[in-house]
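In what follows, a structure is listed as structure tokens, so that the remarks can point back to it.
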Amino acid sequence: MKKIGMIGGFGPESTLDYYRLIIDRYHQLQGEGSLPEIIIYSMDMYILLTLVEQKRWDDVTEFLLKGVNTLHKAGADFGIISANTPHIVYDRLKSLSPIPLISIIEETGKKAKEIGLHRVGLVGTSFTMQSNFFQKVFEYNNISIVVPREQEQEYIQHKLMTEIELGQFFDETRDGLLTIVKRMVDEDSIQGLILGCTELPLILTKDEFDIPFLNTTKIHVDSAIKYCLMGN
């Protein structure tokens with residue numbers, strides 16, 4: 001069994017969700033008589049956000065590489081980053097990493113292709129919605145991505161940073177997010193929705209409007225556990 005290394009803290013709430021889901025998924029596959037070995041390095045979300053806001057991509061890469069190297073020195077056999085936004089620099093980070101990394105974007109793309117989606121909506125941080133790192137991966141799988149309108153993106157970003165990232169989940173905010181999704185279903189003809197921020201599954205907890213909500217956290221965890229158990 002391989003040791004899991006996880007960079008967390010982006011933010012703390014989703015890191016807790018990752019840990020719980022890792023344990024749950026492992027027990028589903030292996031029973032409750034054992035536990036996976038997990039090394040978690042919780043980094044400062046606000047440092048990352050500042051670097052991303054300033055588009056200092058080299059510094060973002062170096063910041064994350066510090067985390068990966070820490071996991072490697074602690075004995076991790078492979079690594080995951082428990083957030084979508086840092087995957088803006090995933091390709092470069094992967095090329096520098098001393099251990100294998102599992103991409104949340106690539107694994108979500110595989111899942112969307114597996115269930116037969118061709119046109120999906122993407123919600124997440126403004127950095128995720130305005131960048132093209134999801135699009136590059138999904139185009140490879142012949143899947144097109146639609147993002148919310150500019151005003152809707154501002155609403156999502158505001159709610160993420162002022163409520164959801166802080167562990168505050170309000171019905172009014174959930175309704176506001178679902179209103180955006182419903183418009184995308186009706187006007188943009190999306191067949192599914194990527195929850196492209198690992199905090200979003202904490203407030204959008206189930207599929208709605210007869211389309212699948214792709215929980216990137218759960219997809220990432222499932223892939224990590226599968227890799228962890230390879231060779232057992």
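Side-chain atoms are counted along with the backbone in the values below, which use heavy atoms only and exclude waters and symmetry mates. What you see is a predicted model; the values in this text were computed from it and never measured.
Taking CG of Leu65 as the start and CG of Leu96 as the end, the distance is 5.5 Å to the nearest 0.5 Å. For the atom pair Phe10 CZ and Leu49 CG, the distance stands at 8.5 Å (nearest 0.5 Å). In this structure, the separation between CD1 on Ile88 and OG1 on Thr61 is 10.0 Å, given to the nearest 0.5 Å. A distance of 4.0 Å separates CG in Asn84 from OG1 in Thr216, rounded to the nearest 0.5 Å. Ile80 contributes atom CD1, which lies 6.0 Å from atom CE of Met6 (distance to the nearest 0.5 angstrom). Interatomic distance, CG of Leu166 versus CE of Met161, reported as 8.5 Å (0.5 Å rounding).
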TODO: Given side-chain contact (heavy atoms from CB on, under 4.5 Å), test Ile190 with Val146 step by step and report yes or no.
DONE: CA-CA 7 Å; Ile190 62 171; Val146 179; 4.1 Å; yes
TODO: Check step by step if salt bridge (Lys or Arg N to Asp or Glu O under 4.0 Å) holds for Arg149 and Glu154.
DONE: CA-CA 9 Å; Arg149 294 171 177 168; Glu154 291 173 357; over 6 Å; no
Task: Derivation of the side-chain contact (heavy atoms from CB on, under 4.5 Å) call for Val60 and Leu64 - done: CA-CA 6 Å; Val60 171; Leu64 294 171; 4.0 Å; yes
Task: Lys73/Val68 under side-chain contact (heavy atoms from CB on, under 4.5 Å): CA gap, chis, key distance, verdict - done: CA-CA 9 Å; Lys73 290 175 183 176; Val68 173; over 6 Å; no
Open item on the list: Run the side-chain contact (heavy atoms from CB on, under 4.5 Å) test on Phe133 and Thr128 for me, step by step, so that the C-alpha distance in whole Å, both residues' side-chain angles and the decisive distance to 0.1 Å come before the verdict.
Closed with: CA-CA 8 Å; Phe133 60 99; Thr128 294; 3.7 Å; yes
- [ ] Walk me through it: do Lys226 and Asp222 pass the test salt bridge (Lys or Arg N to Asp or Glu O under 4.0 Å)?
- [x] CA-CA 6 Å; Lys226 190 179 299 183; Asp222 287 351; over 6 Å; no
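The number of heavy-atom neighbours closer than 6.0 Å to CD of Glu187, taken from other residues, nucleotides and ligands shown, is above 12. The local environment of NZ in Lys159 is crowded, with over 12 non-hydrogen atoms from other residues, nucleotides or ligands closer than 6.0 Å. Heavy atoms from other residues, nucleotides or ligands lying under 6.0 Å from OH of Tyr140 number 12 at most. Heavy-atom neighbours of Phe127 CZ from other residues, nucleotides or ligands within 6.0 Å: above the threshold of 12. Around the CG atom of Asp210, the shell of radius 6.0 Å holds no more than 12 heavy atoms that belong to other residues, nucleotides or ligands. Applying the 6.0 Å contact sphere to CD of Gln28 captures more than 12 heavy atoms from other residues, nucleotides or ligands. Within 6.0 Å of CZ on Phe209 lie more than 12 heavy atoms contributed by other residues, nucleotides or ligands.
A salt bridge links Arg20 to Asp17: at least one charged side-chain nitrogen sits closer than 4.0 Å to a carboxylate oxygen. Here Glu208 does not pair with Lys182 in a salt bridge; the nearest charged N to carboxylate O distance is not below 4.0 Å. Salt-bridge formation is detected for the pair Arg174/Asp171: a Lys NZ or Arg NE/NH1/NH2 atom is positioned less than 4.0 Å from an Asp or Glu carboxylate oxygen. The pair Asp58-Arg92 counts as a salt bridge, with a side-chain nitrogen and a carboxylate oxygen less than 4.0 angstrom apart. Using a 4.0 Å cut-off between a side-chain N of Lys or Arg and a carboxylate O of Asp or Glu, Glu106 and Lys136 do not qualify as a salt bridge. Taking 4.0 Å as the cut-off between side-chain N and carboxylate O, Asp188 and Arg183 count as a salt-bridged pair.
The shortest non-hydrogen separation linking Ile180 to Pro148 is CG2-CB, 4.1 Å. Residues Tyr18 and Ile81 come closest through the heavy atom pair OH-O, 4.0 Å. Scanning all heavy atoms of the two residues, the minimum distance from Val52 to Trp57 falls at O-CH2, 3.9 Å. Of all heavy-atom pairs between Ala112 and Leu214, the closest is CB-CD1, 3.9 Å. In terms of heavy-atom proximity, Ile22 sits nearest to Pro36 at CG2-CG, 4.1 Å. Summarising the geometry of Gly196 relative to Phe134, their closest heavy-atom pair is CA-CZ, 4.4 Å, with the distance given to 0.1 Å.
Between the side chain of Ser189 and the main chain of Val185, no donor-acceptor pair closer than 3.5 Å is present. Side-chain atoms of Thr50 come within 3.5 Å of backbone N or O of Tyr46 as a donor-acceptor pair. No donor-acceptor pair closer than 3.5 Å links the side chain of Asn132 to the backbone N or O of Gln135. Judged purely by atom type and a 3.5 angstrom limit, Lys2 uses its side chain to pair as donor or acceptor with the backbone of Met230. Side-chain atoms of Ser97 never come within 3.5 Å of backbone atoms of Pro100 as a donor-acceptor pair (strictly under, hydrogens ignored). The backbone N or O of Thr85 sits nowhere less than 3.5 Å from a side-chain atom of Thr125 that would complete a donor-acceptor pair. In this structure a side-chain-to-backbone donor-acceptor pair under 3.5 Å is missing from Thr205 to Pro201. A donor-acceptor distance shorter than 3.5 angstrom exists from the side chain of Tyr90 to the backbone of Leu101, with no hydrogens or angles considered. Remark: side-chain polar atoms of Gln191 are paired, donor with acceptor, to backbone N or O of Arg119 under 3.5 angstrom. A donor-acceptor distance shorter than 3.5 angstrom exists from the side chain of Ser82 to the backbone of Ile7, with no hydrogens or angles considered.
Each of Leu200, Leu195, Ile194, Val123 was scored for a side chain to side chain contact (heavy atoms under 4.5 Å, CB included) with Phe213, with one residue passing: Leu195.
If you chain together hydrophobic residues whose side chains sit under 4.5 Å apart, Tyr19 and Leu35 fall into the same group. Under the 4.5 Å side-chain heavy-atom criterion for ILVMFWY residues, a single connected hydrophobic cluster contains both Ile102 and Leu29.
Within the 4.5 Å cutoff, no side-chain heavy atoms of Phe138 are placed close to those of Leu122. Between Ile219 and Ile104 there is no side-chain heavy-atom pair separated by less than 4.5 Å. At least one side-chain heavy atom of Met1 sits under 4.5 Å from a side-chain heavy atom of Cys228. In this structure the side chain of Tyr227 never reaches within 4.5 angstrom of the side chain of Ile4, judged on heavy atoms. Counting heavy atoms from C-beta on, the side chains of Val181 and Leu177 never come closer than 4.5 Å. Proximity of Glu163 to Phe169: side-chain heavy atoms (C-beta onward) are nowhere separated by under 4.5 Å. Between His118 and Ile143 there is no side-chain heavy-atom pair separated by less than 4.5 Å. The closest side-chain heavy-atom distance from Cys197 to Glu165 is below 4.5 Å.
Relative to the six-membered ring of Phe78, Lys3 misses at least one condition, a distance below 6.0 Å or an angle of at most 45° to the axis.
Between the side chains of Ser126 and Gln153, no donor-acceptor pair of N or O atoms lies under 3.5 Å. Between the side chains of Arg56 and Gln54, at least one donor N or O sits under 3.5 Å from an acceptor N or O.
Taking the six-membered ring where tryptophan is involved, the planes of His220 and His87 are perpendicular, since the angle between them exceeds 60° and thus also 30°.
In this structure Thr217 satisfies the side-chain hydrogen bond (donor to acceptor under 3.5 Å, both in side chains) test with no other residue, sequence neighbours excluded.
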